[in-house]
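We use all heavy atoms of the structure for the numbers below, so side chains are in, but hydrogens, waters and symmetry mates are not. For this chain, numbers begin at 1 and follow the sequence in order.
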Amino acid sequence: MSVAHIPVMAAEVLEHLAPREDGVYVDATAGLFGHTAAIAARLGSGMVLACDRDAESLEHGIQNAGAWAGRIRTARTSFSGLRETMDRLGIGMADGLVADLGASRYQLTDPARGFSFMADGPLDMRMDRSQSGTAAEIVNYSTETELANLLFDYGQERRARKIARAIVRARPIQSTLHLARTVEQAAPRTSRLHPATQTFMALRIATNRELEELESLLESLPRLVRAGGRIVIITFMSLEDRKVKRAFQNLAREGRVTILTKHVVRPTREEVLSNPASRSAKLRSVEVRELGDFDGDSG
């Protein structure tokens, strides 16, 4: 059974990726195949490699692909394993790559995955459920100082020390609602955001090593996409966006890419109204240049 999914900024992704009918493209965060299927629909003899750490998402995604499934190959892999995966599948350099960062709507809305404080579930948060190390292990075995630093660095939580202290006192914590209540009691609501929002985000990032994986992807881009190909990355957090912006600027200074998005691209007002999950999305894109085709312009 397929799971409904609305891809963020699908039209903008296609505009910046500019897929060719015979091209080979990589969706590094295929999820439920929203962007994957949109790219596949533009192809003729070409192919999309749909990659994700979450095996369940890939299973649902290929069903969502419908008529375009024949133009898609799937692979369960992280960003750090992407080059090895492409080598194993006999794919040299891609003609384009897209990455839509963060957890998918499917992961966030399934209580059994433990990503959300909206319903009770195990404190898991693993995108790849075959990996070791859950959010519960971080919550229950980190020191108070380690927890406070994690919440501040990854969640930008100003009340990190107070929340970390409350978590340590409430241990053991095994469920999402137990953690959410603990955070709320320590740091009552001061805005429309639930008090546990930043804590859950920080734990998700830490559990899945998301920033380390993003850095691995950004470092490997010159070995993934051929000259003339395009790279499109969508972020939802300032921590990620700064890393992407800096990496693109460095590649431009080295003469490896031309920056296509002078200003970050955001979803339209109409999209935000129809899909509120898109409201914090930012899109950046570059085009890979021939080595030596460098005139000193950083883009």
Side-chain angles (χ1 to χ4, degrees), residues 7-10 12-13 16-17 26-32 34-36 51-54 57 77-82 96-108 115-116 125-128 131 135 138 149-158 160 193 196-222 224-225 230-252 257 259-267 271-272 275-286 299:
V8 172
M9 289 196 283
E12 291 85 346
V13 166
H16 286 269
L17 192 65
V26 174
D27 186 342
T29 52
L32 297 179
H35 294 121
T36 303
C51 301
D52 204 282
R53 287 199 268 181
D54 188 343
S57 290
T77 183
S78 60
F79 292 156
S80 56
L82 190 51
L97 178 147
V98 61
D100 178 3
L101 305 181
S104 73
R105 193 69 183 162
Y106 166 64
Q107 291 166 335
L108 291 172
F115 285 91
S116 174
M125 297 196 192
R126 291 172 299 169
M127 292 178 177
D128 176 1
Q131 78 173 43
I138 295 174
N149 290 340
L150 185 155
L151 298 180
F152 184 79
D153 293 341
Y154 292 168
Q156 300 177 298
E157 174 57 73
R158 293 181 293 104
L193 280 181
T197 300
Q198 290 160 286
T199 294
F200 272 67
M201 180 176 71
L203 288 170
R204 190 202 80 208
I205 292 171
T207 299
N208 297 287
R209 296 178 55 82
E210 291 180 39
L211 295 181
E212 293 89 341
E213 284 292 325
L214 175 58
E215 289 172 358
S216 179
L217 173 66
L218 295 172
E219 290 170 3
S220 65
L221 287 176
L224 300 175
V225 180
R230 293 185 171 189
I231 299 161
V232 181
I233 299 182
I234 298 174
T235 63
F236 292 85
M237 301 183 302
S238 58
L239 281 173
E240 296 172 332
D241 183 60
R242 284 197 296 268
K243 287 182 179 294
V244 173
K245 179 181 180 180
R246 192 178 304 120
F248 282 0
Q249 288 174 336
N250 289 340
L251 287 170
V257 305
I259 295 176
L260 302 177
T261 47
K262 183 176 182 181
H263 303 291
V264 68
V265 178
R266 296 178 181 272
E271 177 171 2
V272 172
N275 181 20
S278 70
R279 65 185 177 276
S280 58
K282 296 178 181 179
L283 181 151
R284 296 183 185 273
S285 68
V286 295

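Residues Ser78 and Asp128 fail the side-chain proximity criterion, which asks for heavy atoms closer than 4.5 Å. Phe152 places none of its side-chain heavy atoms less than 4.5 Å from the side chain of Glu157. At least one side-chain heavy atom of Leu211 sits less than 4.5 Å from a side-chain heavy atom of Lys243. Between Arg230 and Val225, every side-chain heavy-atom pair lies at or beyond the 4.5 Å cut-off. With contacts defined as side-chain heavy-atom distances shorter than 4.5 Å, the pair Leu214/Glu240 qualifies.
Closest of all the heavy-atom pairs between Pro267 and Ala281 is CD-O, 3.3 Å. Closest of all the heavy-atom pairs between Tyr154 and Leu239 is O-CD1, 3.5 Å. Taking every heavy atom of both residues into account, Asp27 and Thr36 meet most closely at OD2-OG1, 2.7 Å. Across all non-hydrogen atoms, the minimal contact from Ser285 to Thr261 is N-OG1, 3.1 Å. Here the closest heavy-atom approach between residue Asp52 and residue Gly31 is recorded as OD2-N, 2.8 Å. Heavy-atom minimum distance, Ala99 versus Ala28: CB-CB, 4.2 Å.
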- Message: If you apply the rule side chain to side chain contact (heavy atoms under 4.5 Å, CB included), what do you find for Ile234 with Val13, and how did you get there?
- Response: CA-CA 9 Å; Ile234 298 174; Val13 166; 3.7 Å; yes
- Item | Criterion side chain to side chain contact (heavy atoms under 4.5 Å, CB included) on Thr77 and Arg53, from CA distance to verdict | CA-CA 5 Å; Thr77 183; Arg53 287 199 268 181; over 6 Å; no
- Query: Given the rule in the side chain to side chain contact (heavy atoms under 4.5 Å, CB included) test, do Val26 and Leu224 qualify, once you have shown the distances and angles that lead to the verdict?
  - Reply: CA-CA 9 Å; Val26 174; Leu224 300 175; over 6 Å; no
- Message: Using the rule given for side chain to side chain contact (heavy atoms under 4.5 Å, CB included), can you reason through Arg266 versus Leu283, listing the C-alpha separation, both sets of side-chain angles and the distance that settles it, and then say yes or no?
- Response: CA-CA 6 Å; Arg266 296 178 181 272; Leu283 181 151; over 6 Å; no
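The backbone N or O of Val8 lies less than 3.5 Å from a partner atom in the side chain of His35, making a donor-acceptor pair. Using a distance-only test at 3.5 Å, with no hydrogens or angles considered, a donor-acceptor pair links the side chain of Glu213 to the main chain of Phe79.
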Throw together a table of side-chain donor-acceptor distances under 3.5 angstrom for residues 203-210, partners on residues two or more places apart or in other chains.
{"unit_1": "Arg204", "atom_1": "NE", "unit_2": "Glu210", "atom_2": "OE2", "d": "2.7"}
{"unit_1": "Arg204", "atom_1": "NH2", "unit_2": "Glu210", "atom_2": "OE1", "d": "2.9"}
{"unit_1": "Thr207", "atom_1": "OG1", "unit_2": "Leu203", "atom_2": "O", "d": "2.7"}
{"unit_1": "Asn208", "atom_1": "OD1", "unit_2": "Met127", "atom_2": "N", "d": "2.7"}
{"unit_1": "Asn208", "atom_1": "ND2", "unit_2": "Met125", "atom_2": "O", "d": "2.8"}
{"unit_1": "Asn208", "atom_1": "ND2", "unit_2": "Arg204", "atom_2": "O", "d": "2.9"}

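To the nearest 0.5 Å, the span separating CG on Leu151 from CD on Gln156 amounts to 12.0 Å. The OG atom of Ser216 sits 9.5 Å away from atom CG of Leu221, with the distance rounded to the nearest 0.5 Å. A distance of 13.0 Å separates CZ of Arg246 from CG of Leu251, quoted to the nearest 0.5 Å. Distance check, rounded to the nearest 0.5 Å: OG1 of Thr29 to CG of Asp100 gives 5.0 Å. A distance of 10.5 Å separates CG in Asn275 from CE in Met9, rounded to the nearest 0.5 Å. A distance of 5.0 Å separates CG in Leu32 from OG in Ser57, rounded to the nearest 0.5 Å.
By the ring pair (Phe, Tyr, Trp, His ring centres under 6.0 Å) test, Phe200 is found to be paired with Phe117, residues two or more places apart in sequence or in another chain being considered.
A salt bridge links Asp241 with Arg284: the closest approach of a Lys/Arg side-chain nitrogen to an acidic carboxylate oxygen falls below 4.0 angstrom.
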